[in-house]
Enquirer: 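My structure is below; once you've seen it, I'll send some questions.
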Amino acid sequence: MQPSSFPVGLDTEPQFPHSVSQVEPSIIDCPVGIVPVLRNNTSGTTEAHNIYGVGSMGIERAAAGIVYRDDVYGATVTINVWEPKVNKDSKDFSATWVQINNGAGEHTDRIGAGLIVNPSLSGDTFVRFHIAWTDGLEKKVCIDQSCLGFVLVNRKWSPGARLPHVSVYDGPQWETKVNIFKDPKTKNWWVTYGKNMPVGYWPSGLFTFLYDKGNFAFWGGIVQGPTATSNALQMGSRHFASEGFRRAAAIRNIQILNENNTYVTPEDDSRLVHGTSKLHVVHRRQVSRRYTRYAYLLRWTRFSRLKIYVLKKEK
């Protein structure tokens with residue numbers, strides 16, 4: 001099963017200034033008509049599933065990236081794959097994520113997908129692909145197949161799958177593309193991975209505030225948990241942007257889907273917010289004029305200022 005159509009521009013993407021390999025999750029390959037459902041290695045807790053921190057007490061959270069505020073029918077990003085170190089016995093997690101919201105305050109629907117290291121969910125410290133959503137009306141948070149709602153269509157792998165290859169400092173680099181978009185015909189919210197490989201979809205009827213469109217998009221890194229900021233949990237490669245590509249984690253091809261079912265690069269500064277949580281200072285500068293769209297090299301740390309670098313095409 002596939003979307004009725006794919007957004008215009010989804011196949012078009014410039015390359016990083018250095019060669020990068022595409023990575024796919026571990027393959028299971030079920031028979032036709034059957035899809036795999038991965039169960040985590042622990043019984044799981046509400047907090048392990050609550051990647052949005054909704055209604056949580058005593059939870060530390062920090063994010064670094066871009067926020068876009070306007071009508072959103074989809075969002076896409078290419079992620080430079082790293083495996084940040086997270087203590088296996090902790091309840092903290094580190095993620096590189098794309099997310100779409102609509103609503104206000106506690107009554108906010110959220111859908112998201114990306115790469116997470118979450119020991120309390122998976123029982124290990126490997127980076128894995130996950131999806132998650134929030135029902136703003138019921139105030140319910142779900143991840144992967146923890147509750148009914150997300151319809152899985154891929155028979156070779158499912159959310160929760162481990163990524164077998166990760167980038168190495170000053171060595172081989174791996175990346176993957178994550179897309180969330182609304183099917184203009186069925187109105188369902190689809191998730192695809194890599195080169196238009198459908199993972200599954202959220203039926204539009206699952207949401208109240210995201211039924212038609214989103215009004216918020218986020219691309220970037222998140223750390224969250226009881227000790228996420230006090231212990232300076234690693235984000236990305238844990239190295240500063242000043243060290244450059246192959247050393248600092250990056251995201252690129254940051255785009256939103258408009259009402260014409262076309263991916264475009266958000267360039268209106270009045271609708272974009274570049275930065276981190278209020279505890280941190282962000283610096284931004286142009287590092288190259290040869291490569292299109294945006295690429296952010298970032299590291300978050302409690303003790304240092306985070307830097308965001310931008311790659312933008314020369315006009």
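In this chain, residues are counted from 1 in sequence order. Everything quoted here is computed from the prediction, not taken from an experiment.
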Enquirer: Would Trp82 end up clustered with Trp174 when hydrophobic side chains under 4.5 Å apart are linked, directly or stepwise?
Expert: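 Looking at the clustering, Trp174 is in a separate group from Trp82.
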Enquirer: What's the shortest heavy-atom distance between Pro226 and Lys91, and which atoms?
Expert: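 Distance-wise, the nearest heavy atoms are CD-O, 3.7 Å.
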Enquirer: May I have the step-by-step check of side chain to side chain contact (heavy atoms under 4.5 Å, CB included) for Val264 and Ile256, ending in yes or no?
Expert: CA-CA 6 Å; Val264 295; Ile256 56 106; 3.7 Å; yes
Enquirer: Roughly how far, to the nearest 0.5 Å, is the CG atom of Asn179 from the CG atom of Asn196?
Expert: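 Rounded to the nearest 0.5 Å, the CG-CG separation comes out at 6.5 Å.
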Enquirer: For residues Leu121 and Ile143, determine if any side-chain heavy atom of one lies less than 4.5 Å from a side-chain heavy atom of the other.
Expert: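 In contact.
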Enquirer: Search all heavy atoms of Pro203 against all heavy atoms of Gly149 and return the closest pair with its distance.
Expert: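 Heavy atoms only, the tightest pair is CD-O, 3.1 Å.
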Enquirer: Heavy atoms, side chains only, cut-off 4.5 Å: are Thr192 and Met197 in contact?
Expert: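 A side-chain contact under 4.5 Å is absent here.
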Enquirer: Look up atom CD1 in Ile111 and atom CD1 in Ile180, then write down how far apart they are to the nearest 0.5 Å.
Expert: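 Nearest 0.5 Å value for the CD1-CD1 distance: 5.0 Å.
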Enquirer: Answer yes or no: is there a donor N or O on one side and an acceptor on the other, between the side chain of Gln234 and the main chain of Lys85, under 3.5 Å?
Expert: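 Indeed, once roles are kept as given, a pair shorter than 3.5 Å links the two residues.
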Enquirer: Under 6.0 Å between ring centres: does that hold for Tyr193 and Phe129?
Expert: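 Yes, they do, as the ring centres are separated by less than 6.0 Å.
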Enquirer: Under 4.5 Å between any side-chain heavy atoms of Gln2 and Val153, yes or no?
Expert: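 Not in contact.
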Enquirer: For residues Asn253 and Gln255, is any side-chain donor paired with an opposing acceptor at under 3.5 Å?
Expert: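 Gln255 and Asn253 do not have a side-chain donor-acceptor pair below 3.5 Å.
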Enquirer: Indicate whether the side chain of Asn102 and that of Asp109 have a donor and an acceptor atom separated by less than 3.5 Å.
Expert: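 Asp109 and Asn102 do not have a side-chain donor-acceptor pair below 3.5 Å.
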Enquirer: Hydrophobic clusters here meaning ILVMFWY residues chained together by side-chain heavy-atom distances under 4.5 Å, can you tell me if Phe126 and Ile116 are in one?
Expert: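 In one cluster with Phe126: Ile116, no.
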Enquirer: Apply side chain to side chain contact (heavy atoms under 4.5 Å, CB included) to residues Arg69 and Asn215 and explain how you reach the verdict.
Expert: CA-CA 6 Å; Arg69 299 183 187 277; Asn215 65 1; over 6 Å; no
Enquirer: Could you walk me through whether Thr262 and Asn260 pass the side-chain hydrogen bond (donor to acceptor under 3.5 Å, both in side chains) check?
Expert: CA-CA 5 Å; Thr262 301; Asn260 298 318; 5.8 Å; no
Enquirer: side-chain contact (heavy atoms from CB on, under 4.5 Å) with Lys182: which of Trp189, Tyr201, Trp202?
Expert: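 It is Trp189, the one option of Trp189, Tyr201, Trp202 that forms the side-chain contact (heavy atoms from CB on, under 4.5 Å) with Lys182.
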Enquirer: Side chains of Ser94 and Asp92: is there a donor and an acceptor less than 3.5 Å apart?
Expert: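 No.
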Enquirer: Shared ILVMFWY cluster between Phe209 and Ile100, side chains joined below 4.5 angstrom?
Expert: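 Different hydrophobic clusters.
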Enquirer: Rounded at 0.5 Å granularity, tell me how far CH2 in Trp133 sits from CG in Leu206.
Expert: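 So the gap between those two atoms works out to 7.0 Å.
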Enquirer: Evaluate the ring planes of Tyr68 and Trp219, with Trp represented by its six-membered ring, and classify them as parallel (under 30°), tilted (30 to 60°) or perpendicular (over 60°).
Expert: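 It falls in the perpendicular class, over 60°.
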Enquirer: Could you check if a side-chain atom of Val77 sits within less than 4.5 angstrom of a side-chain atom of Lys177, using non-hydrogen atoms only?
Expert: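 A side-chain contact is absent here, since even the closest heavy-atom pair is not under 4.5 Å.
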Enquirer: Side-chain contact, heavy-atom cut-off 4.5 Å: His165 with Val81?
Expert: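 Sidechains of Val81 and His165: no contact.
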Enquirer: Donor-acceptor check, side chain of Gln224 to backbone of Arg61, threshold 3.5 angstrom: yes or no?
Expert: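 Answer holds: no.
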Enquirer: Evaluate Asp170 against Arg246 for salt bridge (charged side-chain N to carboxylate O under 4.0 Å, His left out), listing each step before the verdict.
Expert: CA-CA 5 Å; Asp170 221 8; Arg246 294 186 184 275; over 6 Å; no
Enquirer: Would you check if the side chain of Asn87 reaches a backbone N or O of Asp89 as a donor-acceptor pair within less than 3.5 Å?
Expert: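 Pair found, side chain donor or acceptor close to backbone of Asp89.
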Enquirer: Could you tell me whether the side chains of Glu60 and Thr227 share a donor-acceptor contact shorter than 3.5 Å?
Expert: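 Side-chain D/A pair, Glu60 to Thr227: absent.
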Enquirer: Please report the C-alpha distance between Val191 and Phe181 in whole Å, then the side-chain angles of each, then the deciding distance to 0.1 Å, and finally whether the side chain to side chain contact (heavy atoms under 4.5 Å, CB included) criterion is met.
Expert: CA-CA 7 Å; Val191 177; Phe181 61 89; over 6 Å; no
Enquirer: So, for Phe207 and Thr134, which heavy atoms are closest and what is the spacing to 0.1 Å?
Expert: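 What the structure gives for the nearest pair is CE2-O, 3.8 Å.
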Enquirer: Verify, without hydrogens or angle tests, whether Arg252 (side chain) and Thr78 (backbone) share a donor-acceptor contact under 3.5 angstrom.
Expert: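 No.
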Enquirer: Quick check for you: to the nearest 0.5 Å, what is the distance between Ser146 atom OG and Lys140 atom NZ?
Expert: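 If I round to the nearest 0.5 Å, the distance is 8.5 Å.
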Enquirer: Mind checking whether His130 and Pro159 have side chains closer than 4.5 Å, heavy atoms only?
Expert: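 No, every pair of side-chain atoms sits at 4.5 Å or beyond.
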Enquirer: Hydrogens and angles aside, do Ser5 and Asp183 bring a side-chain donor and acceptor to less than 3.5 Å of each other?
Expert: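 No, no side-chain donor-acceptor pair sits under 3.5 Å.
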Enquirer: Find the distance between CG (Asn80) and OG1 (Thr176) and round it off to the nearest 0.5 Å.
Expert: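 Reported value, rounded in 0.5 Å steps: 11.0 Å.
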Enquirer: Test your reading of the model: is there a side-chain donor-acceptor pair from Ser167 to the backbone of Gln173, 3.5 Å cut-off?
Expert: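 Side chain of Ser167 to backbone of Gln173: no pair is present.
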Enquirer: Quick one: pull up SG in Cys142 and CZ in Arg110 and give me the separation to the nearest 0.5 Å.
Expert: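 These two atoms lie 12.5 Å from each other.
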Enquirer: Taking the side chain as everything from C-beta on, heavy atoms only, tell me whether Val72 gets closer than 4.5 Å to Leu257.
Expert: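 Result no, sub-4.5 Å side-chain heavy-atom pair not found.
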Enquirer: Just by distance, no angles: are the side chains of Asn188 and Trp190 close enough, under 3.5 Å, to form a donor-acceptor pair?
Expert: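 Per modelled atom types, Asn188 and Trp190 side chains form no pair under 3.5 Å.
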Enquirer: Quick check: closest heavy atoms across Arg247 and Ser237, and the distance to 0.1 Å?
Expert: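 Nearest heavy atoms, Arg247 then Ser237: O-OG, 2.7 Å.
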Enquirer: Where do Ala228 and Val223 come nearest, in terms of heavy atoms and distance?
Expert: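 That closest heavy-atom pairing would be CB-C, 4.0 Å.
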Enquirer: Passes salt bridge (charged side-chain N to carboxylate O under 4.0 Å, His left out), Glu259 versus Lys213? Steps please.
Expert: CA-CA 9 Å; Glu259 67 276 12; Lys213 60 187 176 184; over 6 Å; no
Enquirer: What closest approach, in Å, do Ser122 and Asp124 show between heavy atoms, and which atom pair accounts for it?
Expert: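 That would be OG-OD1, 3.0 Å.
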Enquirer: Hey, are the side chains of Thr76 and Tyr263 touching, using non-hydrogen atoms and a 4.5 Å cut-off?
Expert: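 Result yes, sub-4.5 Å side-chain heavy-atom pair found.
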Enquirer: Any side-chain donor paired with an acceptor under 3.5 Å for Thr108 and Asn101?
Expert: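 The criterion, which ignores hydrogens and geometry beyond distance, is not satisfied for Asn101 and Thr108.
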Enquirer: Is Tyr211 atom OH crowded by more than 12 heavy atoms from other residues, nucleotides or ligands, each under 6.0 Å away?
Expert: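 No, OH of Tyr211 has 12 or fewer neighbouring heavy atoms, counting only those of other groups under 6.0 Å.
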Enquirer: List the steps and the verdict of side chain to side chain contact (heavy atoms under 4.5 Å, CB included) for Leu163 and Leu115.
Expert: CA-CA 9 Å; Leu163 275 66; Leu115 311 182; 3.9 Å; yes
Enquirer: Applying a strict under-4.5 Å side-chain criterion to I, L, V, M, F, W and Y, I'd like to know whether Phe216 and Leu137 cluster together.
Expert: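 Looking at the clustering, Leu137 is in a separate group from Phe216.
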